[in-house]
Amino acid sequence: MIRVENVSKIYTLGTVKVTALRDVSFAVDDGEMVCISGRSGSGKSTLLRQLSLIDKPTAGRVIFDGLDVVSLSESRRSALRLDRLGYVFQEYALIPELTAEENVFLPAMMRGGRSRDYHARARSLLELVGLDARVAHRPKELSGGEQQRVAIARALVNEPSAIYADEPTANLDSFSGQEVMQTLTRLNAELGVTILFVSHDPDDGQYASRMIHLRDGELVDEPEPAG
Amino acid sequence: MTRVGRSLRVAVFLAFKGLIRGNFGVTAMTILLMALIFVDVLFLPALIRGAVRTIDDQVINTVTSDLVITASAGAGTIDNPGALLAEIERTNGVRAATATTRVGTQISHGSESNAWSVDAIDPSSYRRVFTTPGHLIEGSFLRSADTTGIVLGVDVAGADRTHERTYSRSLKTVHAGDVVTVTLAGGVTRPFTVRGIYQNRFPLSDQGAFISDAAAAAILPGAPDRATAIYVKADAGVSSGALKVRLEPLRTGVNLQTPEQLTAAIQDQIDTFDLINNIMRAMSLLVAAITVFIITYVDLVNRRRQIGIERAIGITATAMVGSYVIKTVVNAIVGTLVGLAVFVFALTPFVQSHPFQFPNGPVTLVLDAQEAARNMGVLVAVAVVSVLIPAVRAMRMKILDAIWGT
């Protein structure tokens, strides 16, 4: 379970302070698929980074499986990111020198374990995301949608409790975007992994079990009207 | 497996994949630069070592041999040198020995005249100790019974070699067959016919002149009973120091000196060479450090976002820094090996066939394997330090700053 309590984030740009999140509180149950929506600049990516331990909030607490992760040291946060969380970036973010399979098993290799095991797991995950024929391909040989699905497989390789996806379809055409979202939905259903994804596309809400709306860094009940 | 062990495994994996699948141009350029720097690091010491070896060889082959025996202070000359020579030649480790007697101080030809030492020698034993008789550029060397002949160094004769630096101080136009006038001990002057002119290409020996013992005995009746110096050639593998220890008991009242003791002034030159060498090596290593730093820094700047992403997915800083260090070590080792191969198989043979003409003789490159290995180690260490600084700095950035490139 993920619990966000009164989280605020203020960026200091020179002498100017910009409040990106203001007193945000909510909870996500295990196995939920939550879409964080809002307009550009509403603070949704900022919120995801606080949850995924990539950034620290200026105030408030993030409780992940009962553990206050804000106060942890960077090495503990790094270990948590490796062991318990998966992250899917907007821009695929694969290592160009590695094949699809190697990109997927890299976090598992970092975590330890036998080579044979993480190779097998990487292959099964690539099969799960429909890329079993592309295991030996390097990122430059894959389409954008395929790269994003490799990134999803990588996020899953250490069997995380939660996956955070930051606008995973933003750089994809509509067909590839649909494929990626359907893949996430299927993984949520089949593996029971909690998924929080950020989207500014109202249509992506159809894939979520619940929506969280942000406006100017604050949680709101309803999405901002279009236009 | 511990966290550090896992990090090392990932570091090796990332480094290996980066090396075989990364930007070939960058890898090739890094290796080429390291090779060039290593050749630069090796070159000057090898050249200096070659120059020093040339000086050492010239000193031993044409001036001092392996051991010089002179009269102790006050005595002036060694009495009864024949008996001492016989004892020396019977000593284990001695290949040959020869005695010389300083008999003249001035040589004239026409209007040209200057002060040069003239030594009386036994041509046959002198030939066994020194290489000078084999370096004739005109005529022939002395014969034992020759009582009217003289052999001159090129710096004495001149021999119309106007391009030689010492020409202006020489007799300028003397050639084999010409007659020169020698002022001997006691002011006696005698004409001598120039039998030959030698050139060792070594200033310390090219200013000499020799007549035979027979000539000295004919002019100066007491000459055979005394010698100015005795020169001893050691067998191969016998050091000057060991030879000195063996010969010291043979006679009291004489000084035994090794070439090293006699060439302290040359040692000053060598020390100066070493100083220059160390400065140049430090400069080369600095260039290496800056080169590796720049290559790594540019690579890290280009990969900043990737570094942020790798950290975000849980790859440790140790693994990432380790991968950069391993890649740099591999590139540095390959680069230095390429540089070593170029030095040994291309540069050294080329200089061997086209030696540098130094004032003390032809100089080739002499590589010291131990020093080369030490320089390789230092270069790799410098490369590691140079890669650590930008890599550790990159890892200390906030993940978001790295991803955003701020």
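Note that the structure is predicted; figures quoted are calculated from it, not measured.
Going from atom CD1 of A/I95 over to atom CD1 of B/I315 covers 6.5 Å, rounded to the nearest 0.5 Å.
Heavy-atom distances place no part of B/I20 under 4.5 Å from chain A, backbone and side chain included. With a 4.5 angstrom heavy-atom cutoff, B/A319 touches chain A only via side-chain atoms.
Residues A/M110 and B/G314 share a closest heavy-atom pair of CG-O, 3.6 Å.
Applying the salt bridge (Lys or Arg N to Asp or Glu O under 4.0 Å) test to A/E5 and every residue at least two apart in sequence or in another chain returns A/R3, A/R61. For B/F13, the ring-ring contact (aromatic ring centres under 6.0 Å, His included) test picks out A/F105, with sequence neighbours left out. Under the rule for a side-chain hydrogen bond (donor to acceptor under 3.5 Å, both in side chains), A/R186 has no partner lying at least two apart in sequence or in another chain.
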Here's a test: name every donor-acceptor pair under 3.5 Å between chain A and chain B, with the distance for each.
| unit_1 | atom_1 | unit_2 | atom_2 | d |
| --- | --- | --- | --- | --- |
| A/R81 | NE | B/R311 | O | 3.3 |
| A/R81 | NE | B/A312 | O | 3.3 |
| A/R81 | NH2 | B/R311 | O | 3.3 |
| A/E91 | OE1 | B/R305 | NH2 | 3.0 |
| A/E97 | O | B/R21 | NH1 | 2.8 |
| A/E97 | OE2 | B/R303 | NH1 | 3.4 |
| A/E97 | OE2 | B/R303 | NH2 | 2.3 |
| A/E102 | OE1 | B/R21 | NH1 | 2.6 |
| A/E102 | OE2 | B/K17 | NZ | 3.0 |
| A/E102 | OE2 | B/R21 | NH2 | 3.3 |
| A/M110 | O | B/R6 | NE | 2.9 |
| A/R111 | O | B/R6 | NE | 3.1 |
| A/G113 | O | B/R9 | NH1 | 3.4 |
| A/G113 | O | B/R9 | NH2 | 3.1 |
| A/R138 | NH2 | B/R21 | O | 3.1 |

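When each of A/L53, A/L80, A/L98 is checked for heavy-atom pairs under 4.5 Å with chain B, A/L98 comes out on top.
Applying the 6.0 Å contact sphere to CZ of B/F16 captures no more than 12 heavy atoms from other residues, nucleotides or ligands.
A heavy-atom distance below 4.5 Å is found between the side chains of A/L106 and B/V10. Looking at heavy atoms from C-beta onward, B/I309 lies out of side-chain contact with A/L94 at the 4.5 angstrom threshold.
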